[in-house]
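Reviewing the structure listed below.
The sequence lines fix the lettering, A, B, ..., with proteins before strands; numbering per chain opens at 1.
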Protein chains: 2
Amino acid sequence: MTINQNTFTGEYSYSLDTKGRANIPAKFRGVLSAENEQSFVITRGMDPCVWVYPIIVWQSIEDELRKLSSLSQVNRSFVRSTVRYASSVQYDKQGRIAISPNLIEYAQLEKEVLILGMVNKIEIWNPKLLDSVDKNSQEIDSSQFDELANQIIL
Amino acid sequence: MTINQNTFTGEYSYSLDTKGRANIPAKFRGVLSAENEQSFVITRGMDPCVWVYPIIVWQSIEDELRKLSSLSQVNRSFVRSTVRYASSVQYDKQGRIAISPNLIEYAQLEKEVLILGMVNKIEIWNPKLLDSVDKNSQEIDSSQFDELANQIIL
DNA sequence: GATTATTACCCACAACTACCCACAATGTAT
DNA sequence: ATACATTGTGGGTAGTTGTGGGTAATAATC
């Protein structure tokens, strides 16, 4: 199947084991291009969740960051906050990645986690948090939300 | 080629087997262009039904989503809701696709299902639900049709 | 340097999925 | 009317996937 590479969709209800490992859904591993060498960059999400990027995709983000001028205070702290918690991981023979205690705490992950495809990246959530956060942001900006839907959904 | 490719019309009353598989009508498979490689993307519809897109069509939606910056909260929430329940499936040698329990529950599908051509996508319905939802649309008043008239010519 | 903690690598297994074969019903051609 | 191909439906099997845990290598601490 020649689906878009490095593109993730769908929701998976998986579990975090006692060692803090989470499985990457087989479908996600399948579309990860070979040049990534089974590796991702994981970091804090802007929402209370963990973001998981294919390294290739992450590198292009780094390139963008490089272009931002360090003259601006906002730019400096933005660069700092995006890069600060990022580290690369390779999944093991069973297809799992280890999530650092730091990130587990930030996303308040417990045994049951929700893994979401987000097109160019993957999100790992505590299901309870996702419910409240997502419902909230849809309601606050419902007009912008509808506008996007009109433009994009076929 | 006599008919537009990737264009679906007509209605079919098929059945969901015990494994949650539904047949894609032969006519639909016939007009699915080769580049799709017998694959669709299935997801939640806006109505309580399942939407089935040819992969090619879905990819154009993905491409639009990819352009949205994750710095904006509405964007994140929109991408999440659009992609969350979407997954790609290839039909088997008998022409069937597997529908996930998640989607079956959402569309309240039972053994007997209605498969509808919807021009650029396919809908799968519980016949009972379609009746009640469509009854409401019969009551669309003429002003709403006037608005539509600006967008489409029949 | 010895001991403990942490990480990476490997094996095991149950549950699930994809793949294949079979068959009846329907449609088509001879 | 008969033979043949196609289509929709059911089910069995082998391989894959998610999950738990064990062991060796590495790092950290005293």
Side-chain angles (χ1 to χ4, degrees), chain A residues 1-3 8-32 37-42 50 52 55 87-105 109-117 122 124-125 127, chain B residues 2-3 8-32 36-42 50 52 55 85-105 109-117 122 124-125 127:
Chain A
M1 241 189 284
T2 55
I3 314 176
F8 312 99
T9 65
E11 153 184 298
Y12 298 82
S13 178
Y14 281 1
S15 65
L16 212 64
D17 67 19
T18 51
K19 293 179 182 177
R21 295 174 299 187
N23 200 316
I24 301 292
K27 275 218 167 133
F28 291 179
R29 298 196 305 264
V31 297
L32 190 70
E37 298 176 13
Q38 285 109 34
S39 301
F40 295 93
V41 169
I42 81 176
V50 175
V52 184
I55 12 181
S87 73
S88 71
V89 279
Q90 190 172 34
Y91 61 77
D92 66 16
K93 269 195 176 159
Q94 282 66 244
R96 295 170 295 194
I97 57 170
I99 304 176
S100 73
N102 197 324
L103 288 174
I104 291 182
E105 190 192 4
L109 299 181
E110 295 164 20
K111 176 137 176 52
E112 190 195 345
V113 296
L114 256 191
I115 302 186
L116 301 186
I122 300 165
I124 305 179
W125 282 84
Chain B
T2 51
I3 309 181
F8 313 99
T9 59
E11 113 172 359
Y12 299 82
S13 176
Y14 281 0
S15 67
L16 211 65
D17 67 21
T18 51
K19 291 181 180 177
R21 294 174 298 188
N23 201 314
I24 301 293
K27 279 213 171 141
F28 290 178
R29 298 197 304 264
V31 297
L32 190 69
N36 287 287
E37 299 180 16
Q38 286 108 34
S39 300
F40 295 92
V41 168
I42 78 177
V50 174
V52 183
I55 270 219
Y85 301 102
S87 87
S88 66
V89 278
Q90 191 173 34
Y91 61 76
D92 65 16
K93 272 196 175 155
Q94 282 65 245
R96 294 168 297 191
I97 57 170
I99 302 177
S100 72
N102 197 321
L103 289 174
I104 291 181
E105 192 192 3
L109 298 182
E110 295 163 20
K111 179 137 176 51
E112 189 195 346
V113 296
L114 256 189
I115 302 186
L116 302 184
I122 301 165
I124 305 178
W125 282 85

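What separates CD of Glu11(A) from P of dG18(D) is a distance of 15 Å, to the nearest Å. Summarising the geometry, the separation between CD1 on Ile97(B) and C1' on dA18(C) is reported as 14 Å, rounded to the nearest angstrom. Whole-Å rounding puts the Asn23(A) CG to dC16(C) C1' distance at 14 Å. The interatomic distance linking Glu112(A) (CD) with dG18(D) (C1') rounds to 14 Å, in whole Å. Atom OH in Tyr14(A) sits roughly 16 Å away from atom C1' in dG20(D) (whole-Å rounding). For Ile24(A) and dG18(D), the CD1 to P distance is 10 Å, given to the nearest whole Å. The distance between atom OH of Tyr91(B) and atom P of dT7(D), rounded to the nearest whole Å, is 10 Å.
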- Would Val50(A) and Leu109(A) satisfy side chain to side chain contact (heavy atoms under 4.5 Å, CB included), going step by step from the backbone distance to the final call? CA-CA 9 Å; Val50(A) 175; Leu109(A) 299 181; 4.2 Å; yes
- Message: Under the criterion side chain to side chain donor-acceptor pair (under 3.5 Å), I'd like the reasoning laid out for Arg29(B) against Asn36(B): C-alpha separation, chi angles, the key distance, then a yes or no.
- Response: CA-CA 10 Å; Arg29(B) 298 197 304 264; Asn36(B) 287 287; over 6 Å; no
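An angle of 30°, rounded to 10°, separates the two end axes of the helix from dG1(C)-dC30(D) to dT30(C)-dA1(D), each defined over five pairs.
Rounded to the nearest 0.5 Å, atoms OG1 (Thr18(B)) and NZ (Lys111(B)) are 8.0 Å apart. In this structure, Gln38(B) CD and Ile97(B) CD1 are separated by 13.0 Å, a value rounded to the nearest 0.5 Å.
For the pair Arg21(A) (side chain) and Leu16(A) (backbone), a donor-acceptor distance under 3.5 Å is absent. In this structure, Thr9(A) contributes its side chain and Ala86(B) its backbone to a donor-acceptor pair below 3.5 Å.
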When you compare the protein's N or O atoms with those of nucleotides 23-29 of chain C, which come within less than 3.5 Å of each other, and at what distance?
none

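Using a 4.0 Å heavy-atom distance criterion, Lys111(B) is classed as a sugar-phosphate-only contact. Residue Ser15(A) is classed as a sugar-phosphate contact, given heavy-atom separations below 4.0 Å to backbone atoms only.
Nearest heavy atoms, Asp17(B) versus Arg96(B): OD2-NH1, 3.8 Å. Residue Glu112(B) comes nearest to Pro127(B) through the heavy atom pair O-CD, 3.2 Å, listed as atom of the first residue, atom of the second, then distance. Shown here for Ser88(B) and Ile55(B), the closest heavy-atom pair between the two residues is CB-CD1, 4.1 Å. In terms of heavy-atom proximity, Ile42(A) sits nearest to Ile99(A) at CD1-CA, 4.2 Å.
Between Phe28(A) and Phe8(A), the angle of the ring planes goes over 60°, which puts this pair in the perpendicular group of the 30/60° scheme.
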- Per-nucleotide protein contact string for nucleotides 7-14 of chain C (B base, S sugar-phosphate only, - none; heavy atom under 4.0 Å): -BBBBB--
